[in-house]
Amino acid sequence: FTVSTVAYENQTKLKNSCDKSFGFAAAFLALLVTIAYGYCLSGYFLADDTWQVQFAYRVINGESHLLFDNFFKSYLGVPALDFYRPLLGFTYLSDYLIYGLKPWGYYLTNLILAWLAALFFFMSVRALTTDFGSSRSFYCALSAAALFASSPLHCEDICWISGRADLLAAVFYLPAFYLAIRSWQIPEKKQSIKLYCFSLALYVLSLMSKESAVGLPILVAALPLVCKSGVLDTKGNFKHWLKFSLPYFFLLVPYFVVR
């Protein structure tokens, strides 16, 4: 009874510690994104932004078919926009419903998406560095996520409403990668399969946000090279790696057909 009680108390302390560190990381990254890009809230609609707003206006005013046409035709129904990003229209529609013609609301959505992407990046690095030890893993992940969140390379994506596609794709892409990591690492088969299915579903949503998501299968296939639990020493492990990686590549087949 004493041993079980001590083990339970240690487990509880570890969980509380992880919750506090995650909360700190989330708050820190939110602050960093706000400091780096919060000035965009004073911006206005630029260039292609008017197309996005007009699209949302038309959907609200009786042309709801436009929202679903994005799944089968060029984005916004414009032949020149020959790319497949059907989920993007839903974000502008929701912004229009909430904020109307107030541009700060659209920029706020971009900031929230950027924060979520940085947070998922933090989680992915944390999962990849579990063998570093709890403290080193946390600071490694936090510093990497801080660089990611404050990088000037994200300026166009955050400070331009129409540049949101990268942010939206990242919000699905990075948790899909994180869940793939956790699925590979977890020994319990039932839980591993559950995480794996969620990862595949998020990957599909990422593909429907921007074309750059096609690179995820390569990262998933490389997991055994960086994750301690993925060792390809035996034939059985190689088969497991193959079964684990191939579905991500298979999802690209219908995507390219539709695309």
Side-chain angles (χ1 to χ4, degrees), residues 18 22 25 29 83-88 113-132 137-138 140-145 147-149 151 153-154 157 165-259:
C18 290
F22 181 81
L29 292 172
F83 44 70
Y84 189 70
R85 302 173 187 176
L87 290 188
L88 195 57
L113 291 174
W115 169 65
L116 289 174
L119 191 57
F120 290 134
F121 186 86
F122 164 81
M123 293 167 61
S124 298
V125 176
R126 190 86 194 270
L128 287 171
T129 57
T130 51
D131 58 336
F132 284 20
S137 173
F138 172 77
C140 177
L142 186 61
S143 59
L147 290 173
F148 177 82
S151 172
L153 293 176
H154 303 316
D157 303 331
D166 287 296
L167 298 174
L168 186 63
V171 167
F172 295 122
Y173 183 101
L174 290 169
F177 183 48
Y178 168 75
L179 291 177
I181 298 169
R182 297 298 296 134
S183 176
W184 179 263
Q185 293 173 332
I186 290 177
E188 185 183 348
K189 187 175 181 180
K190 186 176 180 181
Q191 182 68 10
S192 176
I193 292 175
K194 183 179 178 180
L195 294 177
Y196 186 76
C197 291
F198 278 123
S199 175
L200 289 174
L202 287 170
Y203 180 47
V204 171
L205 295 177
S206 182
L207 286 172
M208 296 168 71
S209 300
K210 193 173 182 183
E211 301 79 3
S212 54
V214 297
L216 183 61
I218 298 174
L219 289 181
V220 173
L223 279 179
L225 302 177
V226 292
C227 288
K228 192 174 181 179
S229 60
V231 182
L232 306 182
D233 290 338
T234 66
K235 186 177 180 180
N237 283 335
F238 178 76
K239 285 184 177 180
H240 173 60
W241 168 78
L242 207 58
K243 291 178 181 178
F244 189 88
S245 305
L246 285 180
Y248 290 90
F249 287 96
F250 288 154
L251 285 175
L252 294 177
V253 176
Y255 172 75
F256 283 126
V257 170
V258 175
R259 173 69 176 80

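Residues L128 and L223 have side chains in contact (heavy-atom distance under 4.5 Å, counting atoms from C-beta outward). Residues M123 and F22 are in side-chain contact: their nearest non-hydrogen atoms beyond the backbone lie under 4.5 Å apart. Here the side chains of F121 and L29 are not in contact, with every heavy-atom distance at 4.5 Å or above. Residues F198 and S183 form no side-chain contact, since every pair of their non-hydrogen atoms from C-beta on lies 4.5 Å or further apart. Using a 4.5 Å heavy-atom cutoff, the side chains of P247 and Y196 are in contact.
Listed for the S209 side chain is no donor-acceptor partner under 3.5 Å among the backbone atoms of A165. The backbone N or O of F120 lies less than 3.5 Å from a partner atom in the side chain of S124, making a donor-acceptor pair. Without hydrogens or angle criteria, Q185 side chain to A127 main chain gives a donor-acceptor distance under 3.5 Å. At least one donor-acceptor pair closer than 3.5 Å links the side chain of Y203 to the backbone N or O of A213. Side-chain atoms of H154 come within 3.5 Å of backbone atoms of F148 as a donor-acceptor pair (strictly under, hydrogens ignored).
Here the closest non-hydrogen pair linking C140 and S143 is O-OG, 2.9 Å. Nearest approach of F132 to S137, heavy atoms of both residues: CB-N, 3.9 Å. Closest non-hydrogen pair, F249 versus I218, comes out as CZ-N, 4.1 Å. Residues S192 and I186 share a closest heavy-atom pair of CB-O, 4.0 Å. Taking each heavy atom of L200 and L251 in turn, the nearest pair found is CD2-CD1, 3.8 Å. Annotation for L202 and A176: closest pair CB-CB, 3.8 Å, computed over non-hydrogen atoms.
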Problem set entry | CA sep, side-chain torsions, deciding dist, call: L252, L207, side-chain contact (heavy atoms from CB on, under 4.5 Å) | CA-CA 9 Å; L252 294 177; L207 286 172; 4.0 Å; yes
Exercise. Passes side-chain contact (heavy atoms from CB on, under 4.5 Å), K210 versus D166? Steps please.
Worked result: CA-CA 6 Å; K210 193 173 182 183; D166 287 296; 2.8 Å; yes
Exercise. Do W184 and V220 pass the side-chain contact (heavy atoms from CB on, under 4.5 Å) test, and can you show the C-alpha distance, the side-chain angles, and the key distance before you say yes or no?
Worked result: CA-CA 9 Å; W184 179 263; V220 173; over 6 Å; no
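Under a cut-off of 6.0 angstrom, the local environment of OH in Y255 is crowded, with over 12 non-hydrogen atoms contributed by other residues, nucleotides or ligands. Crowding of L246 atom CG: a count of heavy atoms from other residues, nucleotides or ligands under 6.0 Å exceeding 12.
When the salt bridge (charged side-chain N to carboxylate O under 4.0 Å, His left out) test is applied to R85, the partners found at least two apart in sequence or on another chain are E211. Judged as a ring-ring contact (aromatic ring centres under 6.0 Å, His included), and not counting sequence neighbours, the contacts of F122 are F138.
For the atom pair CG (L219) and CG (L225), the distance works out to 11.0 Å, reported to the nearest 0.5 Å. Interatomic distance, CD1 of I181 versus OG1 of T129, reported as 9.5 Å (0.5 Å rounding). In this structure, R126 CZ and R182 CZ are separated by 11.0 Å, a value rounded to the nearest 0.5 Å.
For S199 and Y248, the side-chain atoms include at least one donor-acceptor pair closer than 3.5 Å.
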